[in-house]
K.L.:
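Quick one: the structure is below, and I'll ask about it shortly.
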Amino acid sequence: MPDSTLHEPVLDWYDEHARDLPWRRPEASPWSVLVSELMLQQTPVVRVLPVHAAWLERWPTPAALAAEPVGEAVRAWGRLGYPRRALRLHAAAVAITERHDGLVPDDHGALLALPGVGDYTAAAVASFAFGRRHVVLDTNVRRVLGRVVGGAEHPRPSVTKAEREEAALLVPDDDATAATWAVAVMELGALVCTAAGPRCEECPVADQCAWRAAGYPAYDGPARRAQAWDGTDRQCRGRLMAVLRDADGPVRRSALDAAWGPEAQRLRCLAALVADGLLVHVAEDVYALP
DNA sequence: CACACGTGGTC
DNA sequence: TGACCAAGTGT
C-alpha cells in the first residue's frame, strides 16, 4: 500500500512550490510534453525554455516537423547539446505522423517504440501528458527516494531491480494522483533535494529522511567517473557541428579544418557525424546539414 | 553493462 | 579553478 505519510507532504509542497513551466500548463499538448522531455534529457530547464518555445511556435504539431528536412531540426536544436536528439525527435515526428495519425500515442509501449524515447521518457509522457499511472524514474526521483527511503546520498550508476520495485510501491493507486506524485517528486529533487547542497530546511519530508537521520553519510558506492572533455571526440564533434549550424548553407572542408586542429581526429569525427546522419557529404570537400 | 554522446553553469 | 552536474538513450 502506498505510503500516505510521504504522499501528502510532497503533494502539498508541490502544490505550493511547483514552477510554472510551459509544458506543465493545462493547455500544453502531448506534443509539447514530448518535445520538452527530449530536450530535457541531460539538459537544464533554463536552457531548454527558449528553444522549446521557438520549436513549438515553428512546429506546433508532429506533422509540421515531419514535413521539414531533418537538418532544420538540427539547426533549430541550437546549442542544447547531444544533437542526435534532434535527429530522433524528427524521426519520432515522422513515426507519429505515419503510424499514429499525427497524434502522440498515449500508450507506454507505443511511446517506447519511438526514436529517442526510452523507459523514462515513455513513462513521463504517458504520465504528464495523459495522466496515466507509471513509475517515472529519473535521476531526481532516484536521488530523492534513495535518500528518503534508502538513506544514501547518491543513487547507483544504473537502476537496480530493488530500486524500481521500491519506487513502484510508492506510486499512488489512482492515475491522477500518481501523475502528480511523479512530477512532484521530480520537482522536489530539482529544487530542494539537489545533488549538491540539498536544502533540507525546505524539505517537506526531512523528518522522514533516512539519509538525514543517519547523519548524511557520504556516498560510498562505485566511483562515478567524471566525463572527460578537452580533446575528446565529443568536443571535436561539437566544434564541427557549430560550424554547420552557424553557416547559412553547405560549408567547405577548409572551414571545418579551421575548427579543429588534429587532422586524424577531425576526419574520424567528420565521418562519424555523416554516419550518424548529422551531416551529409554533398560534394567533394563540401558538407551540409541533412 | 559500460561507454559514447554536447554544452554551459555552479560552487 | 576544475570537478561535478543537468527530466537519458542507444549500442
Side-chain angles (χ1 to χ4, degrees), chain A residues 14 18-19 21-24 32-52 74 77-89 91-92 111-129 134-145 153-161 167 179 182-191 193-199 218-219 222-245 259-260 265 268-269 272-273 275-278:
Chain A
Y14 181 73
R19 287 168 294 180
L21 301 174
W23 46 85
R24 282 185 188 160
S32 174
V33 174
L34 178 62
V35 170
S36 78
E37 288 302 335
L38 268 288
M39 290 182 173
L40 287 164
Q41 290 169 3
Q42 301 287 284
T43 308
V45 167
V46 286
R47 214 175 313 159
V48 166
L49 249 12
V51 183
H52 178 272
V74 173
W77 196 256
R79 306 187 68 77
L80 280 184
Y82 292 145
R84 291 188 296 184
R85 292 183 293 165
L87 255 30
R88 296 177 185 142
L89 183 50
L111 286 163
L112 194 55
L114 297 173
V117 177
D119 185 71
Y120 159 75
T121 301
V125 173
S127 184
F128 304 155
H134 282 286
V135 179
V136 181
L137 207 51
D138 79 320
T139 189
N140 287 304
V141 175
R142 295 186 64 216
R143 188 175 53 252
V144 172
L145 299 185
E153 182 180 18
H154 295 297
R156 293 315 178 89
S158 53
V159 181
T160 65
K161 186 181 178 190
V183 72
V185 179
M186 283 179 62
E187 189 77 335
L188 187 61
L191 300 182
C193 193
T194 50
R199 297 198 273 281
Y219 177 76
R224 300 173 297 164
R225 69 172 59 76
Q227 290 192 335
W229 177 247
D230 285 322
T232 61
D233 283 5
R234 264 195 299 180
Q235 186 184 29
C236 177
R237 290 165 58 108
R239 290 274 179 80
L240 264 18
M241 288 305 298
V243 172
L244 270 294
R245 273 200 310 271
W260 192 260
Q265 185 180 30
R268 168 160 44 84
C269 288
L273 289 170
D276 286 347
L278 280 165

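Numbered from 1 within each chain, the chains take letters A, B, ... in sequence-line order.
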K.L.:
For a quick check of understanding: with a heavy-atom distance under 4.0 Å over all strands, which category does A226(A) fall into, base, sugar-phosphate or nothing?
P.N.:
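It contacts sugar-phosphate atoms only.
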K.L.:
Measuring only the P atom in each nucleotide, how far is dC4(C) from dC3(B)? A whole number of Å is fine.
P.N.:
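These two P atoms come out 16 Å apart once rounded.
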K.L.:
Quick one: are V159(A) and Y120(A) in side-chain contact, heavy atoms under 4.5 Å?
P.N.:
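They are not in side-chain contact.
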K.L.:
Closest approach to the side chain of R47(A), judged atom by atom: which nucleotide of dT7(B), dG6(B), dG8(C) is it?
P.N.:
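Of the candidates, dT7(B) comes closest.
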K.L.:
Does the side chain of N140(A) come within less than 4.5 Å of V185(A)'s, by heavy atoms?
P.N.:
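SC-SC contact between V185(A) and N140(A) ruled out.
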K.L.:
Counting any heavy atom closer than 4.0 Å, what does T194(A) reach on the DNA or RNA strands: base, sugar-phosphate only, or nothing?
P.N.:
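Counting heavy atoms under 4.0 Å across all strands, no contact is made by T194(A).
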K.L.:
Of the listed nucleotides (dT9(C), dA7(C), dG6(B)), which one gets closest to any side-chain atom of T121(A)?
P.N.:
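Minimum distance to the T121(A) side chain belongs to dT9(C).
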K.L.:
Looking only at the side chain of D138(A) (C-beta and beyond, no hydrogens), which of the listed nucleotides dG8(B), dT9(C), dA7(C) gets closest?
P.N.:
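My answer, after comparing the listed nucleotides, is dA7(C).
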K.L.:
Nearest whole angstrom, please: distance from the C1' of dA6(C) to the CG of L191(A).
P.N.:
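Whole-Å distance recorded here is 13 Å.
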K.L.:
Could you check whether R156(A) gets within reach of a base, just the sugar-phosphate, or nothing at all, counting any heavy atom under 4.0 Å?
P.N.:
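Here R156(A) touches no strand at all.
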K.L.:
Of the candidate nucleotides dA6(C), dA4(B), dC4(C), which contains the atom at the shortest distance from the side chain of R84(A)?
P.N.:
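Per side-chain heavy atoms of R84(A), the pick is dA4(B).
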K.L.:
Say we look at dA7(C) and dC5(B): how far apart would their P atoms be, to the nearest angstrom?
P.N.:
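Each nucleotide's P atom is 22 Å from the other's.
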K.L.:
Between dC5(B), dT9(C), dA6(C), which nucleotide has the shortest distance from any of its atoms to the side chain of R237(A)?
P.N.:
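Selected nucleotide: dC5(B).
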K.L.:
Among dA7(C), dT9(C), dC5(C), which is the nearest nucleotide to the side chain of R24(A)?
P.N.:
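Of the candidates, dA7(C) comes closest.
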K.L.:
State whether the distance check finds a donor on one side and an acceptor on the other, under 3.5 Å, for side chain T139(A) versus base dG8(C).
P.N.:
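Check fails, no donor-acceptor contact within cut-off.
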K.L.:
Provide, to the nearest angstrom, the distance between the CG atom belonging to L112(A) and the C1' atom belonging to dT9(C).
P.N.:
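Checked: the CG to C1' distance equals 11 Å.
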K.L.:
Once you apply a heavy-atom cut-off of 4.0 Å, does Q227(A) come out as touching a base, just sugar-phosphate, or nothing?
P.N.:
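Base, at least one base atom sits under 4.0 Å.
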K.L.:
Students often get this wrong, so: under 4.0 angstrom with heavy atoms, is D276(A) touching a base, only sugar-phosphate, or nothing?
P.N.:
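Since no nucleic acid heavy atom lies under 4.0 Å of D276(A), the category is nothing.
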